[in-house]
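Worksheet for the structure shown next.
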Amino acid sequence: MKIIGTGSALPALRVTNDDLAKFLDTSDEWITTRTGIQARHLLSTEDLYDIAVDASVKAIKASGLRPDQIDFLLVSNVANLHVTPGLSAIVQKRIGLTCAGLDINVACAGFVNALMLADGMMKAGHAKNILILCAEEPTKYCDWKERDCSVLFGDGAGAVVVTEGTAFKDVKLTMISDRDVLYYERGMETTPFEKEYIKGQPLVMKGKELFRTAVSESAKDINALLKRNGLQHGDIDWFMLHQANKRIIDGIRHIVGGPDEKYPTVIQKYGNTSSASIPIMLDEMIADGKVKAGQKIVMSAFGAGFVSAACLWEWEF
Ligand code: ACO
């Protein structure tokens, strides 16, 4: 499998830390030093479906394929307005696709999990050209009267078109069930047979525990992937990590090794866009000519669950 087209889309509204400090008890200094985030984009005049379609159309255009040549649509999304139908069904027609599709929710690790599924589908002969779309609006899970979660996230969409090739070398997935550290409960309808009505609640996060586990599990994944492929950190050109917190990225780098320049970031501009963060960054790096054929690239993400995932590429265009 190889990636032949990428696209991304951010909402028009850019909100800086100073903008947040106007209505939350926070400061640019606190957010920047604790997370590396300086700004994020938030859905306001458009909706998630608009940016999902925008990123997808760009990725298909960049691939050189026509929409009718896409065999399957794989969407990573944690939550959106619709519990049903899935986001893939909602956006399929607007992207110009007629193929089948499905949604996955593997939190912030959705992109790497989708890559694994796409690779498996290709090897099994189910599809040749697959559009992977990661579209997320995590700002809608937060309590905006509180400062602890709302400052961390941004909305965005990233998409890639994958086809047959040999660039995708290996993938490692991990799950450790621990719901209480990070969760968001949406309200559901109540039946007359329930003892107690549970209304749902905004994102609950134990930040320090999440931080520690994100660093240790991601580093473990990456080191295991390197070891089983006979590689050292010096062999890798780019470590494209999920953009949750610059300090988490630094923590992983201190364990795995390698210079800061090999760990690119977009978190300063976009905050944590959940599973969209890696494909958005990849799209920008390809546009900037930073990704070149033959480069070895590691992608790694960690999220609610806990789930973590890492994969290895030897890039091919
Ligand atoms: N502005 C100002 N002060 C704040 C804010 C804020 N936005 N949020 C919390 N604080 C305060 C707290 O109330 C606390 O105050 P207290 O000491 O008086 O009780 C203090 O700051 C906590 O400060 P620290 O202990 O220094 O915070 P820490 O270094 O743990 O950083 C953070 C907090 C940024 C949330 C960190 O724990 C973190 O990044 N965790 C991971 C969170 C994450 O990545 N979530 C995303 C989802 S999962 C994923 O994508 C991997």
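Hydrogens, waters and symmetry mates play no part in the numbers below; they use all other heavy atoms, side chains included. Just so you know, ligand 1 is whichever comes first in the structure, and atom 1 is the first atom listed for that ligand.
Although no hydrogens or angles enter the test, the distance criterion places a donor-acceptor pair under 3.5 Å between the side chain of Asp50 and the main chain of Asp47. Judged by distance alone, the side chain of Asn113 and the main-chain N or O of Gly110 form no donor-acceptor pair under 3.5 Å.
Judged purely by distance below 3.5 Å, without hydrogens or angles, the side chains of Thr265 and Gln268 pair a donor atom with an acceptor atom. Side chains of Thr16 and Asp19: a donor-acceptor N/O pair is present below 3.5 angstrom, by distance only. Using modelled atom types and a 3.5 Å distance limit, the side chains of Thr174 and Lys172 yield a donor-acceptor pair.
Looking at ligand 1, you won't find any N or O of Thr35 less than 3.5 Å from one of its N or O atoms. At a 3.5 angstrom cut-off on N or O pairs, Arg34 counts as close to ligand 1.
By the 4.0 Å heavy-atom criterion, Ala214 is excluded from the residues contacting ligand 1. Using a non-hydrogen distance threshold of 4.0 Å, Ile248 registers as a contact of ligand 1.
A distance of 6.0 Å or more separates the ring centres of His242 and Phe302.
No option in Asn17, Thr273, Thr139, Asn272 other than Asn17 meets the side-chain hydrogen bond (donor to acceptor under 3.5 Å, both in side chains) test with Arg40. Partner Ile31 forms a side chain to side chain contact (heavy atoms under 4.5 Å, CB included) with one of Asp18, Leu24, Leu152, Thr26 and no other, that one being Thr26.
At a 4.0 Å heavy-atom cut-off, ligand 1 touches Thr26 through backbone and side chain alike.
At a distance under 4.0 Å, a protein heavy atom can be found next to atom 3 (N) of ligand 1. Under the 4.0 Å distance rule, the nearest protein heavy atom to atom 24 (P) of ligand 1 falls inside the cut-off.
Here atom 45 (N) of ligand 1 lies nearest to Met205 when heavy atoms of Glu29, Met205, Glu217 are compared.
Among protein heavy atoms, atom 39 (O) of ligand 1 sits closest to Asn245 ND2, 2.6 Å. When hydrogens are left out, the protein atom nearest atom 15 (O) of ligand 1 is Arg147 NH2, 4.2 Å; that is the closest non-hydrogen contact. Counting only heavy atoms of the protein, atom 32 (C) of ligand 1 lies nearest to Trp30 CH2, 4.5 Å. Protein heavy atom nearest atom 44 (O) of ligand 1, with residue, atom name and distance: Ala244 CB, 3.6 Å. With respect to atom 28 (P) of ligand 1, the closest heavy atom belonging to the protein is Lys208 NZ, 3.8 Å. When hydrogens are left out, the protein atom nearest atom 51 (C) of ligand 1 is Phe302 O, 3.4 Å; that is the closest non-hydrogen contact. For atom 43 (C) of ligand 1, the nearest non-hydrogen atom of the protein is Leu210 CD2, 3.7 Å. Among all non-hydrogen protein atoms, the one lying nearest atom 40 (N) of ligand 1 is Gly207 O, 2.9 Å.
Near Asn272, meaning under 4.0 Å from any of its heavy atoms, are these atoms of ligand 1: 46 (C), 47 (C), 49 (C), 50 (O). For ligand 1, the atoms closer than 4.0 angstrom to any heavy atom of Val151 are 7 (N). Applying the 4.0 Å criterion to heavy atoms of Leu182 picks out, from ligand 1, the atoms 47 (C), 48 (S). Less than 4.0 angstrom separates some heavy atom of Arg247 from each of these atoms of ligand 1: 29 (O), 31 (O). Shown in contact with Phe153 at under 4.0 Å from a heavy atom are these atoms of ligand 1, numbered in order with element: 46 (C), 47 (C).
Taking 4.5 Å as the limit, every side-chain heavy atom of Val151 sits out of range of all side-chain heavy atoms of Ile37.
Using a 4.0 Å cut-off between a side-chain N of Lys or Arg and a carboxylate O of Asp or Glu, Asp260 and Lys246 qualify as a salt bridge.
Ring geometry for Tyr184 against Tyr141 counts as parallel: the plane angle stays under 30°, on a 0 to 90° scale with 60° as the upper cut. The aromatic rings of Phe168 and Trp313 sit perpendicular, their planes meeting at an angle over 60°, well past the 30° parallel limit. Using cut-offs of 30° and 60° for the angle between ring planes, the Trp315 and Phe317 rings count as perpendicular.
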